[in-house]
Amino acid sequence: MKEKYKVVLLGAGFWGKRWINLLKNNHRVEFVGIACAKGQIEEIKKLSGLKSSQLYDDYIEAITQSEADIMVNVLPAELHYDADRLAIEKGMNVITEKPLVKTKEQAKQLIELLKERPDQLFMASQNYRWRSHNVTIKKAIKDGMIGKLEAMNFHFRRREDLQGYRKDLEMPLIDDMCIHHFDLMRFFSEADCESITAYAYRPYWSQYQGLPSVNAMLHMENGVEISYSGTWAARGMETSWDGDIVLCGEKGCLTLDADNQVCFFEADCIKDGVLDTCKQEPVILNKESMEHEETEYGLSYFIDCLDKREQPVTNLEDNFKSFSMVMACKESAMKGYKVEL
């Protein structure tokens with residue numbers, strides 16, 4: 001167990017700058033380097049407080065010269081595999097933002113590489129798992145509040161986000177956002193996906209040239225059925241980034257709304273009228289208390305895993321299962337048939 005872990009950050013865009021603040025403020029971290037664009041160096045130097053010698057305009061140099069214990073990868077997706085491979089070969093532990101890599105083949109190669117280095121840890125930053133409302137839902141399911149989980153409905157609506165790479169994506173929702181929702185499906189159901197049938201389309205008003213809307217049916221290995229409806233070209237009502245979620249069991253259902261409020265609607269089996277449309281008042285659940293959430297939680301959690309030499313729950317092999325759901329969804333949407341995982 002080290003008092004402090006040396007960390008190098010690759011990427012200094014929107015998310016990279018958030019990571020700079022996290023790394024600066026974590027007392028278990030020694031910030032030893034950042035890779036950023038050449039034109040950013042003076043800005044990032046001021047923001048990070050690092051020396052000029054600790055700023056790199058080449059991510060390969062950052063990996064090979066920083067002598068870090070942990071590499072945080074916030075590079076563009078097309079560079080993820082190469083940076084992860086080099087860091088693993090250099091002996092570093094890795095935290096990567098999504099997407100994991102570009103292809104399943106690249107992910108499998110990283111898995112094989114890590115098998116040769118069992119002492120090195122690799123974690124995907126699946127920060128939606130580490131939000132208090134989602135932790136609250138998971139606990140309510142485990143406590144039996146709705147009985148056996150039978151089905152889930154996910155409904156996602158957000159207006160276009162044309163920043164950076166997103167405007168040119170073939171299927172923006174599937175390519176960039178579905179990983180969060182699909183990972184939550186695995187998190188809540190405690191099961192992996194067995195099959196996906198998906199259809200993608202483009203509303204005529206969309207500012208994307210690609211297909212930003214998706215309808216999908218997912219079947220999990222434990223029998224949980226999931227319907228997914230999402231659009232990244234919404235007009236009017238929007239959901240939170242998690243989406244509106246309904247989780248159903250025989251004792252009732254749990255819901256997550258646009259305000260990230262978690263509610264329990266108890267099944268009322270006493271009433272005879274199946275067509276009763278009266279409004280049911282929910283029980284609003286108190287959210288689980290968390291000292292840290294999202295990425296801040298993920299960083300602290302990863303350091304705890306290093307201290308204990310334990311694999312993080314969102315390790316490479318686990319995240320490959322969520323990543324594979326994204327790949328299968330896109331294949332189904334492109335080719336028009338059910339894809340078995």
Stepwise, does the side chain to side chain donor-acceptor pair (under 3.5 Å) test hold for Lys45 with Ser52?
CA-CA 7 Å; Lys45 181 180 177 181; Ser52 296; 2.8 Å; yes

If you group Ile, Leu, Val, Met, Phe, Trp and Tyr by side-chain heavy-atom gaps below 4.5 Å, do [X] and [Y] land in one group?
X      : Y      : result
Leu149 : Leu285 : yes
Leu75  : Val101 : yes
Trp15  : Leu47  : yes

Taking the six-membered ring for Trp and the full ring for Phe, Tyr or His, determine whether the centres of Tyr228 and Phe182 are under 6.0 Å apart.
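Distance test on ring centres: under 6.0 Å, yes.
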
Would you indicate whether [X], at its atom [atom1], is surrounded by more than 12 heavy atoms from other residues, nucleotides or ligands within a distance under 6.0 Å?
X      : atom1 : value
Lys142 : NZ    : no
Glu266 : CD    : no
Lys90  : NZ    : yes
Lys148 : NZ    : yes
Lys102 : NZ    : no
Glu194 : CD    : yes
Asn286 : CG    : no

Quick one, [X] and [Y] - any side-chain contact, counting heavy atoms below 4.5 Å?
X      : Y      : answer
Cys263 : Val283 : no
Val72  : Leu10  : no
Ile196 : Leu341 : yes
Gln261 : Leu256 : no
Arg117 : Ile88  : yes
Phe122 : Asp84  : yes
Val214 : Met171 : no
Phe187 : Val313 : no

Do we see a donor-acceptor contact under 3.5 Å between the side chains of [X] and [Y]?
X      : Y      : answer
Asp82  : Tyr59  : yes
Ser66  : Lys6   : no
Asp242 : Asn134 : yes
Tyr165 : Asp176 : yes
Gln109 : Tyr81  : yes
Asp244 : Thr239 : no
Asn215 : Ser229 : yes

Apply side-chain contact (heavy atoms from CB on, under 4.5 Å) to residues Leu121 and Gln311 and explain how you reach the verdict.
CA-CA 6 Å; Leu121 302 189; Gln311 286 290 334; 3.6 Å; yes

Test your reading of the model: is there a side-chain donor-acceptor pair from Glu294 to the backbone of Trp130, 3.5 Å cut-off?
no

Checking the side chain of Thr197 only, and the main-chain atoms of Met217 only, is there a donor and an acceptor separated by less than 3.5 Å?
no

For Asp183, is there an ion pair with Lys98 - N to carboxylate O distance below 4.0 angstrom?
no

Atom [atom1] of [X] and atom [atom2] of [Y]: how far apart are they, to the nearest 0.5 Å?
X      : Y      : atom1 : atom2 : result
Asp168 : Asp175 : CG    : CG    : 11.5 Å
Leu218 : Ile226 : CG    : CD1   : 5.5 Å
Ile70  : Phe302 : CD1   : CZ    : 5.5 Å

Go through the steps for Glu317 and Asn315 under the test side chain to side chain donor-acceptor pair (under 3.5 Å), then give the verdict.
CA-CA 6 Å; Glu317 291 196 31; Asn315 61 46; over 6 Å; no

Can you check side-chain contact (heavy atoms from CB on, under 4.5 Å) on Met177 and Arg158, steps first, answer last?
CA-CA 11 Å; Met177 271 302 301; Arg158 300 292 297 191; over 6 Å; no

Side chain to side chain donor-acceptor pair (under 3.5 Å) assessment of Ser322 paired with Arg186:
CA-CA 8 Å; Ser322 298; Arg186 293 184 55 241; 2.9 Å; yes

